[in-house]
Amino acid sequence: MIKLDARGLSCPEPLMMVADALKKHPGEEIEVMVSEMHTKTNIENYCQDHGHQVEVTPQDFDIQIVIK
Amino acid sequence: MSLTDNKKKLLVWGIASGLAAVMLAHFGNPKNMAICIACFIRDIAGSVGIHKAAVVQYFRPEIVGIVLGAMILAIINKEFKVVGGSSPIIRFFLGMIMIIGALVFLGCPTRMVIRMASGDIPAWIGLIGFVGGVGTGAFFLKRGFTLGRSHKQPEAGGYVVPLLLLVGLIIAGFTSVFFASEAGPGSMHAPLLISLAGGLIFGAIAQKTRMCFGGMFRDIFLLKNFNLFSIVFGFFLTLLVYNVATGQFEFKMNGNPIAHAQHLWNILGLYIVGFAAVLLGGCPLRQLILMGQGNTDSAITFVGMLLGAGLAHRASLASGAQTAEAAGGPGLNGKIATIVCIVILFAVALWKSKKKVKYD
């Protein structure tokens, strides 16, 4: 599984990381850690637009997103 | 079911945000300034005495409403999180630079779109600079530009600036402590409660949709994503229909209210705004929304914009509007400041860029 740490990064850096990873690692699961809800929503919408399933698990302060 | 998960829904939200702007223009705000973030921050700077330009002083309730609208919705939706520490001092200066650029053009990207919807040709020409600025910022993002990570901050920090704005509004509403223009754009405003309501609605919509005028082009360039474009297009359409329906639409180069036709400086002013907005992760509106969501870096950016607006008028960096007697545009100070701001933006962008694969 590819692991990305996008916590605390400004827009659109987390989405660029995800887009980059999806392009370079097609078919692999990607776990992204983010800290802000709008980042989570941006990644969810982007993944849905590009035909990927997304599992979101809120943690203590951060949010874990697994992209399949 | 999400209310913001496709372009059609976002277009509808954009139209709704346009209606809030139309309401503000209808009830007294300058027609082609209905809800200009830079102008209104500049007016607040004047009202609290940071600058002394008598025609642009008024504690604009819209700014307070936008921040509180975003904050209330963020708290309801459990999206309020207090974070900060991502190069705050650099963000402070980028905020100053962004608003100086806006005041050379005479408007933030929100007003640029409002002006475009009234047929203001210099605003359409200025759009070239804005797109160029966003493109330049996007280029540096691709090269690894980052201002670094923000981290969890003490909870109280997220409320400080929004509450100060609320206290300021209460003081403005019940006393005459602050300056208020008796003529000029600062004297043109909707009644306080309507302005506040318009701001609250606009802020809530912008929070929900992540509306950002800089992010719109940035996301198209970097991700071929048109979501933010859909919102802004809806906003533009509403203003356009309102202007056509009320006979205020006129394609013209000269004589646009509170504007000038010095094209080079319109382009360069908006170039600064677009470039700075990408480096900051959002346009002036987006900074207000992020501040409402608890982002203390955006609160510091707002303070930078407030002081930058004050400086722009104290040091005559802001442009003059075109009149029958004067061509308007920036004076020598404004032109020098424009060039200096662009040089600083490139220096920051180069300094903070690093070629590195981030997910290794």
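Chain letters run A, B, ... following the sequence lines, proteins first and then strands; every chain starts at 1.
- B:Asp219 CG to A:Asn42 CG: the interatomic distance, rounded to the nearest 0.5 Å, is 7.5 Å.
- Contacts from residues 287-308 of chain B to chain A, taken as heavy-atom pairs separated by less than 4.5 Å, involve B:Leu290, B:Gln293, B:Asn295 in sequence order.
- Atom CD of A:Gln59 has more than 12 neighbouring heavy atoms from other residues, nucleotides or ligands inside a 6.0 Å radius.
- Taking CD of A:Glu13 as the reference point, atom OG of B:Ser86 lies at 8.0 Å (rounded to 0.5 Å).
- Both the backbone and the side chain of A:Leu15 come within contact range of chain B, judged by heavy atoms closer than 4.5 Å.
- Within a 6.0 Å radius of CZ in B:Phe233, no more than 12 heavy atoms belonging to other residues, nucleotides or ligands are found.
- A:Ser35 and B:Lys81 get closest at one heavy-atom pair: O-NZ, 2.7 Å.
- The residue among B:Val83, B:Leu280, B:Asn227, B:Leu223 with the most heavy atom pairs within less than 4.5 Å of chain A is B:Leu223.
- Taken to the nearest 0.5 Å, the CD atom of B:Glu79 stands 5.5 Å off from the OG1 atom of A:Thr41.
- At most 12 non-hydrogen atoms from other residues, nucleotides or ligands lie less than 6.0 angstrom from CZ of B:Phe93.
- Most heavy-atom pairs under 4.5 Å with chain B: of the set A:Glu44, A:His38, A:Arg7, this distinction falls to A:His38.
- For chain B, the nearby part of A:Asp49 is the side chain; its heavy atoms alone come within less than 4.5 Å.
- Side-chain atoms of A:Ser10 do not come within 3.5 Å of backbone N or O of B:Gly281 as any donor-acceptor pair.
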Under the side-chain contact (heavy atoms from CB on, under 4.5 Å) criterion, do B:Lys142 and A:Met16 qualify, and how do the steps go? CA-CA 9 Å; B:Lys142 275 194 160 180; A:Met16 288 172 71; 4.3 Å; yes
Criterion side-chain contact (heavy atoms from CB on, under 4.5 Å) on A:Asn45 and B:Arg210, from CA distance to verdict: CA-CA 12 Å; A:Asn45 289 347; B:Arg210 303 175 310 287; 3.3 Å; yes
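- In this structure, CG on B:Asn225 lies 7.5 Å from NE2 on A:His50, to the nearest 0.5 angstrom.
- A distance of 7.0 Å separates NZ in B:Lys152 from CG in A:Asp60, rounded to the nearest 0.5 Å.
- The minimum heavy-atom distance linking B:Ser150 with A:Glu36 is given by the pair OG-OE2, 4.2 Å.
- Residue-environment remark: NZ (B:Lys352) exceeds the threshold of 12 foreign heavy atoms within 6.0 Å.
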